> 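Quick one: structure below, then a few questions.
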Amino acid sequence: MLEVKNLMVFYENAIAVNNISMTVTEGKITGVFGANSAGKSTLMRTISGIILDQKKKQEMKGGERITVLGSITFAGEDIIHMKPSDRARKGIILCPERRRIFAESSVMENLKIGGILATRSQAKKTLDYVFTVFPALKELKKREGGFLSGGEQQMLAIGRALMAQPKLLLLDEPLLGLSPLMEQMLVKAMHGINKQTGITTIIAEQYARPILPIVHYGYVLENGGAVVEGTSRELMKNPDVKSAYFGL
Ligand code: ATP
C-alpha cells in the first residue's frame, strides 16, 4: 500500500531521516518507535507531505532549507513531490503530534471541518461511527475544543481524521501525555477502528509498550535511521530492543 525507499530528510545540513525504507501493509497497523528526536515526526510529515508546506514557508522567509530525497509510493504512484492537499484527497491523512485541534471551535465543528472533503452521506455515516467509537464525544458535542481534557482532545483529533475518509491514517504520538487509563482506552479504540474499518494505519510513538500488542509490524528509529524492524513478536523478543526502548 505504501512503500518508502531510501528516504532522506535534511533540515539545512542536519539529517533528520537517514535512508529509511519501509513497507506498510494494506489494512494493517505499522508502528514507528524511537526516542525524542529520532525522526518519527519528520517521517510522518514527509509521508503526509506537510513537510513540503514547511519547506515552502521556510524558503519564503529566506531561512532554513529542507531537502527530501528518495521515493514514497502510495497505491502504485510516487507521491514524494505531491502537494499535501492532493495526498489528503488520495486518502493520506495525518493526525499530528500534540493533536492540533481547533481550540475555539466546538467538538462538532472540529469534526465537520475534518469532513470537508467528504460527501454528505460519508460525513453523516462517519460521524455516527465516530460517536460509536468515542461515545464521550457525543456528550461533549457543543464543548469548545480547548476545554477538553488531553484524552478527549486526542479522541477528537482521531475522530476529525476519520471524518476525512482516510485510506492511510498517520497517528503521530497519540498517547503523548495521557494517563495509563486513557492510554488503554485509546489503544483499544485504535485497534477497534483498524479491525472494523480496515484503514491502513501508521502509529508513531516514543513508548512502544502499550502500542506493540496491536501492531502488525514495527520499525525502531535511532538518529533518523531504522535500526531494527520486525513483527511485534520479534521486536518484543529482541533483548536490545526490550531494554533500550520498551522498558521491559
Ligand atoms: P519528538 O518525539 O521529539 O517529536 P521525533 O522522533 O518526532 O521526536 P523529529 O521531530 O522528527 O523527531 O526530529 C528529528 C530531528 O530533526 C531532531 O534532531 C530535531 O531536532 C530535528 N528537527 C525537527 N524539526 C526541525 C526543524 N523544523 N528545523 C530543524 N531541525 C528540526
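Each residue takes its place number in the sequence, starting with 1. Both counts, for ligands and for their atoms, begin at 1 and track the order of listing. For clarity, every value in this text was computed on a predicted model and none was experimentally measured.
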> Considering only non-hydrogen protein atoms, determine which one is nearest to atom 4 (O) of ligand 1 and report residue, atom name and distance to 0.1 Å.
Glu97 OE2, 2.9 Å

> Tell me which protein heavy atom sits closest to atom 20 (O) of ligand 1, plus the residue, atom name and distance to 0.1 Å.
Ser37 OG, 4.4 Å

> Taking all heavy atoms of Ile158 and all of Met190, pick out the closest pair and write down the distance.
CD1-CG, 4.2 Å

> I'd like to know if Leu52 and Tyr11 are part of one continuous hydrophobic network [Ile/Leu/Val/Met/Phe/Trp/Tyr, side-chain heavy atoms within less than 4.5 Å].
yes

> Suppose we measure from atom 2 (O) of ligand 1 to each protein heavy atom; which comes out shortest, and what is that distance?
Glu173 OE2, 2.7 Å

> Quick one: which ligand 1 atoms are inside 4.0 Å of a heavy atom on Gly39?
5 (P), 6 (O), 9 (P), 11 (O), 12 (O), 14 (C)

> Would you name the heavy atoms of Met163 and Leu127 that are closest together and state the gap between them?
SD-N, 3.7 Å

> List ligand 1 atoms under 4.0 Å from Gln54, heavy atoms only on the residue side.
27 (N)

> Could you identify the single nearest non-hydrogen protein atom to atom 1 (P) of ligand 1 and state the distance to 0.1 Å?
Asn36 OD1, 3.4 Å

> Using a strict 4.0 Å cut-off to heavy atoms of Ala38, name the atoms of ligand 1 that fall inside it.
5 (P), 6 (O), 12 (O)

> Got a sec: does the CG of Asp53 have more than 12 other heavy atoms crowding it under 6.0 Å?
yes

> Do you know which two heavy atoms are closest between Ile50 and Ser48, and how far apart they sit?
CG1-OG, 3.0 Å

> Would you tell me which option among Asp172, Thr42, Val9 has the nearest heavy-atom contact to atom 11 (O) of ligand 1?
Thr42

> Counting only heavy atoms from other residues, nucleotides and ligands, does the tally under 6.0 Å from NZ of Lys5 exceed 12?
no

> Can you list the ligand 1 atoms lying under 4.0 Å from a non-hydrogen atom of Ala35?
6 (O)

> Give the cluster check for Met8 versus Ile72: same hydrophobic cluster or not, with ILVMFWY residues linked at side-chain heavy-atom distances below 4.5 Å.
no

> Report yes if some N/O of Lys40 lies less than 3.5 Å from some N/O of ligand 1; otherwise report no.
yes

> When you measure from atom 29 (C) of ligand 1 to every protein heavy atom, which one gives the shortest distance, and what is it?
Glu64 OE2, 3.0 Å

> Look at atom 10 (O) of ligand 1 and say which protein heavy atom is nearest, naming residue and atom and giving the distance to 0.1 Å.
Ser41 CB, 3.8 Å

> Who's the nearest protein heavy-atom neighbour of atom 23 (C) of ligand 1, and how far?
Tyr11 CE1, 3.4 Å

> Same cluster or not: Tyr129 versus Phe131, using hydrophobic residues (I, L, V, M, F, W, Y) connected whenever any side-chain heavy atoms lie under 4.5 Å apart?
yes

> For Asp128, is there an ion pair with Lys125 - N to carboxylate O distance below 4.0 angstrom?
no

